[in-house]
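Contents: one structure, followed by commentary.
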2 protein chains.
Amino acid sequence: MTAVENASARDQILDAAEALFAVQGLGPTTIKEIGAAAGQNPALIYYYFGSKEELYRAVLQRVIGAMLARGEATLDAAPTPPEAIRALVAAQLEFVLGHPNAPRLLVRELIDHEARRAEAALLQLAAGVFKRLCGVIEQGQEQGVFRRDVEPRFAAVSTISQVIYFTIARPAIGLFFGEGSRGVSEATARAFGRHAGEFALHALLVAEQIA
Amino acid sequence: MTAVENASARDQILDAAEALFAVQGLGPTTIKEIGAAAGQNPALIYYYFGSKEELYRAVLQRVIGAMLARGEATLDAAPTPPEAIRALVAAQLEFVLGHPNAPRLLVRELIDHEARRAEAALLQLAAGVFKRLCGVIEQGQEQGVFRRDVEPRFAAVSTISQVIYFTIARPAIGLFFGEGSRGVSEATARAFGRHAGEFALHALLVAEQIA
DNA sequence: GTCTATAGGTGGATAGAC
DNA sequence: GTCTATCCACCTATAGAC
């Protein structure tokens, strides 16, 4: 009955809902299912969140907030544009390893956008990360380390796409790598993360800069 | 009542279902909705397909078949590994412009895999395309035009990820490009396609090969 | 804050006429 | 092959006891 225990019941619902929404999506996930997974009475969901939709929004907010904070902190901390690219991709990979639900929720939300149910907030925030990364790439071009015949905004999309797609397509990639359709091992995922940073860098660096 | 008209009723259901499944997913799309969108009686869906699930499978089969045929033909026709990379990315972009539902259905299916509903066939086929592309990259490495310090399978994933992610994230990218949250223009999409081919090539080519 | 019971609505699927 | 009518299961949400 204390504030802590209340928060805990609420959080257990949030955690269970996040996992179920990520794997099944909003529609097919039922209130009863969430209650059972959370070890809580389904009626509590209405007490704490009002409706299934609002619970879904709360789940999204939490995930997006965490992802964004991580991305911005990483970009801010990097000393040079090439380091920023490498660090961002590495942070992206570490983030999705720790929060495998995040890209699933995010991508579902993007696909659902034309179903007019997506949060405008998500779109704004996603666009915000792109802009920050784009600034870093422009800076690298001004410093003469990145090629000038690259559209910075396009390059930002290409850079970010790799880890997200890798995570989403993990079952198919697991088969491709002979590691089964349940997805690749964590070691392979980390190796891909290092590759993705280098791949983007080599695509961006002027030829003389390449070691 | 002719065979052609029968096929037409069936195809109208398939077309309507494809669009609805792509935008909303399987769960939230109702049989009645599909019937209305197709201009057909919902009961016909059971006559032709047996169940909602089997209709969904038929939709997937059609899309995957088209995508695969296009990809393999493109790779087969390219004379050199660099040309193959460029041509594959260009074909990918043209395909998604013509079939905007395809990547949505495919990515939904991948995300849903842990919900144990995905087709093993899709995973096998996706892995097949990766393998073909991977062979092209290895060939380029043997010929000395592509860098040897790149894992070919990772590079295949990075190359393919760009256009698919661009399509999925189109609403966010639309905002980012100041073209509204309904997505970017076709001209911008084509420009991105050209960029993505070059991005992957620069990431792969040995330094001396870069013009 | 937490639980039970249930109302109210909708969805997938089928039976059977035409 | 196509349509109408309908059954049954299930889901969201609420009312109200504790």
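Keep in mind that this is a model prediction, so the values were computed, not measured. Naming: A, B, ... by sequence-line order, numbering from 1 per chain.
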Nearest-angstrom distance from the residue atom CG of A:Leu44 to C1' of D:dT12 = 16 Å

Separation of D:dT14 atom P from A:Phe49 atom CZ, nearest Å, is 16 Å

Using nucleotides 10-17 of chain C, report all nitrogen or oxygen pairs with the protein that are shorter than 3.5 Å.
from   : atom 1 : to      : atom 2 : distance (Å)
C:dG12 : OP1    : B:Thr29 : O      : 3.2
C:dG12 : OP1    : B:Lys52 : NZ     : 2.8
C:dG12 : OP2    : B:Ile31 : N      : 2.8
C:dA13 : OP2    : B:Tyr46 : OH     : 3.0
C:dA13 : OP2    : B:Lys52 : N      : 3.1

Without swapping roles, check the side chain of B:Ser158 against the backbone of B:Ala155 for a donor-acceptor pair under 3.5 Å.
-> no

Quick one: which residue pairs count as a side chain to side chain donor-acceptor pair (under 3.5 Å) with a foot in residues 60-71 of chain B, not counting sequence neighbours?
-> B:Asp15-B:Arg62, B:Glu18-B:Arg62

Quickly work out the B:Gln40 CD to D:dT2 C1' distance and round it to whole Å.
-> 9 Å

Grab the OH-C1' distance between B:Tyr47 and D:dG1 for me, whole Å please.
-> 5 Å

Side chains of A:Arg190 and A:Glu94 in contact at under 4.5 Å (non-hydrogen atoms) = yes

Specify the closest pair of heavy atoms between A:Gly71 and A:Leu88, including all atoms of both residues, with the distance to one decimal.
-> O-CD1, 4.1 Å

Compare every heavy atom of A:Gly197 with every heavy atom of A:Ile85, then report the nearest pair and how far apart it is.
-> CG2-O, 4.4 Å

note: A:Ile45, atom CD1; C:dG1, atom P; distance rounded to Å ~ 16 Å

note: B:Asn41, atom CG; C:dC18, atom C1'; distance rounded to Å ~ 13 Å

Spacing between A:Gln24 atom CD and D:dC11 atom P, to the nearest angstrom = 11 Å

Tabulate below the donor-acceptor pairs under 3.5 Å that side-chain atoms of residues 170-183 of chain B make, not counting sequence neighbours, or state none.
from     : atom 1 : to       : atom 2 : distance (Å)
B:Arg170 : NH2    : B:Val184 : O      : 2.9
B:Glu179 : OE1    : B:Ser185 : N      : 2.6
B:Glu179 : OE2    : B:Thr188 : OG1    : 2.7

